[in-house]
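The residues of the chain are indexed from 1 along the displayed sequence.
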Amino acid sequence: QLQLVEFGGGLVRAGGSLRLSCAASEGTSSTYAMGWFRQAPGKQRELVAAITSGGSRKYADSVMGRFTISRDNAKNTVYLQMNSLKPEDTAVYYCAADRTIATIGTPDGTFWGQGTQVTVSS
């Protein structure tokens with residue numbers, strides 16, 4: 001059972017930056033697609049960014065050009081660098097892992113972290 005632990009959430013002013021980290025419990029996580037999702041109060045969980053085991057990336061339109069996802073397979077860790085943060089980025093951010101980037105976030109097979117709060121003040 002793959003376990004994921006997020007670090008790096010917090011409170012930041014609009015225009016600021018934060019870096020989230022997600023540590024995976026197993027070395028085999030390097031074969032998984034990894035991603036970041038977020039859920040704001042009263043809204044559905046949405047994909048923010050995802051990265052394949054080979055390093056291909058995809059982003060939500062709302063964060064394109066501001067957020068960067070990366071991974072360090074030697075450390076079993078995935079990162080989300082968030083720049084130019086906006087109040088609408090406020091949410092609980094979840095790390096996720098799945099066999100493929102196409103299935104990450106679907107009900108079956110995705111592993112989830114516990115979430116970390118990101119709050120952006122105006």
Side-chain angles (χ1 to χ4, degrees):
Q1 185 83 357
L2 187 66
Q3 294 183 331
L4 306 171
V5 180
E6 299 100 335
F7 302 92
L11 174 65
V12 64
R13 287 193 171 185
S17 298
L18 279 175
R19 187 195 198 200
L20 304 182
S21 301
C22 171
S25 60
E26 298 178 3
T28 54
S29 65
S30 63
T31 66
Y32 284 73
M34 304 289 293
W36 290 95
F37 289 73
R38 67 185 180 187
Q39 187 167 20
K43 295 188 177 181
Q44 289 188 334
R45 189 174 299 189
E46 63 176 357
L47 175 69
V48 176
I51 185 168
T52 67
S53 58
S56 297
R57 299 167 171 86
K58 70 173 182 181
Y59 296 94
D61 289 344
S62 59
V63 306
M64 188 78 69
R66 299 188 297 123
F67 291 11
T68 301
I69 189 170
S70 61
R71 65 190 298 163
D72 184 335
N73 289 334
K75 295 182 179 180
N76 302 327
T77 301
V78 63
Y79 304 98
L80 186 68
Q81 178 66 43
M82 305 185 293
N83 298 328
S84 302
L85 282 159
K86 304 176 181 180
E88 50 264 43
D89 295 317
T90 295
V92 177
Y93 283 70
Y94 297 90
C95 179
D98 206 329
R99 290 294 183 183
T100 73
I101 201 169
T103 57
I104 195 167
T106 57
D108 295 325
T110 295
F111 296 96
W112 295 97
Q114 83 286 353
T116 186
Q117 178 70 44
V118 171
T119 303
V120 184
S121 64
S122 57

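Counting non-hydrogen atoms of neighbouring residues, nucleotides and ligands closer than 6.0 angstrom, the CD atom of Gln117 exceeds 12 such neighbours.
Looking at Thr106 and Thr103, their side chains never bring a donor and an acceptor atom within 3.5 Å of each other.
Side-chain N or O atoms of Thr116 include none that pairs as donor or acceptor with a backbone N or O of Tyr93 at under 3.5 Å. Arg71 contributes a side-chain N or O that, together with a main-chain N or O of Thr52, makes up a donor-acceptor pair within less than 3.5 Å. In this structure, Glu6 contributes its side chain and Gln114 its backbone to a donor-acceptor pair below 3.5 Å. Counting only distance, with no hydrogens or angles, the side chain of Arg99 and the backbone of Gly109 share no donor-acceptor pair below 3.5 Å.
Under the rule for a salt bridge (Lys or Arg N to Asp or Glu O under 4.0 Å), the partners of Arg66 that lie at least two apart in sequence or sit in another chain are Asp89. In this structure Glu88 satisfies the salt bridge (Lys or Arg N to Asp or Glu O under 4.0 Å) test with no other residue, sequence neighbours excluded. With sequence neighbours excluded, the residues satisfying side chain to side chain donor-acceptor pair (under 3.5 Å) with Thr110 are Asp98. Residues forming a ring pair (Phe, Tyr, Trp, His ring centres under 6.0 Å) with Tyr94 (at least two apart in sequence, or on another chain): none.
Ile101 and Met64 fall into different hydrophobic clusters, where Ile, Leu, Val, Met, Phe, Trp and Tyr residues are linked whenever their side-chain heavy atoms come under 4.5 Å apart, directly or through other members. Note on Ile69: it clusters hydrophobically with Leu2, by side-chain heavy-atom contacts below 4.5 Å among ILVMFWY residues. Taking hydrophobic clusters as Ile, Leu, Val, Met, Phe, Trp and Tyr residues chained together by side-chain heavy-atom distances below 4.5 Å, Leu47 does not share a cluster with Leu20. One hydrophobic cluster holds both Val12 and Phe67 under the rule that ILVMFWY side chains link at heavy-atom gaps under 4.5 Å.
The nearest pair of heavy atoms linking Gly105 to Phe37 is CA-CZ, 3.6 Å. Across Asn83 and Ser17, no two heavy atoms sit closer than the pair OD1-OG, 2.9 Å. Across all their heavy atoms, Trp36 and Ser21 have their closest contact at CH2-O, 3.6 Å. The two residues Ala14 and Ser122 come nearest to each other via the heavy atoms CB-CA, 4.3 Å.
One finds the CE atom of Met34 at 12.0 Å from the CG atom of Leu80 (value rounded to the nearest 0.5 Å). Taking OG1 from Thr77 and CZ from Phe7, the interatomic distance works out to 8.5 Å, rounded to the nearest 0.5 Å. One distance of note links OG of Ser56 with CD1 of Ile51; it measures 8.0 Å at 0.5 Å rounding. Between the CH2 atom of Trp112 and the CD1 atom of Ile104 there is a distance of 7.0 Å, given to the nearest 0.5 Å. Note that OH of Tyr32 and CZ of Phe111 are 4.5 Å apart. Values are rounded to the nearest 0.5 Å. With values rounded to the nearest 0.5 angstrom, Gln1 atom CD is found 9.5 Å from Leu4 atom CG.
Counting only heavy atoms from C-beta outward, the side chains of Tyr79 and Gln81 never approach each other to under 4.5 Å.
Among residue pairs with one or both ends in residues 39-68, none qualify as disulfide (SG to SG under 2.5 Å); sequence neighbours excluded. Under the disulfide (SG to SG under 2.5 Å) criterion, no residue pair touches residues 44-73, with sequence neighbours excluded.
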Inset, instruction - Check the pair Val63 / Arg38 against side chain to side chain contact (heavy atoms under 4.5 Å, CB included), numbers first and verdict last. - result: CA-CA 12 Å; Val63 306; Arg38 67 185 180 187; 4.0 Å; yes
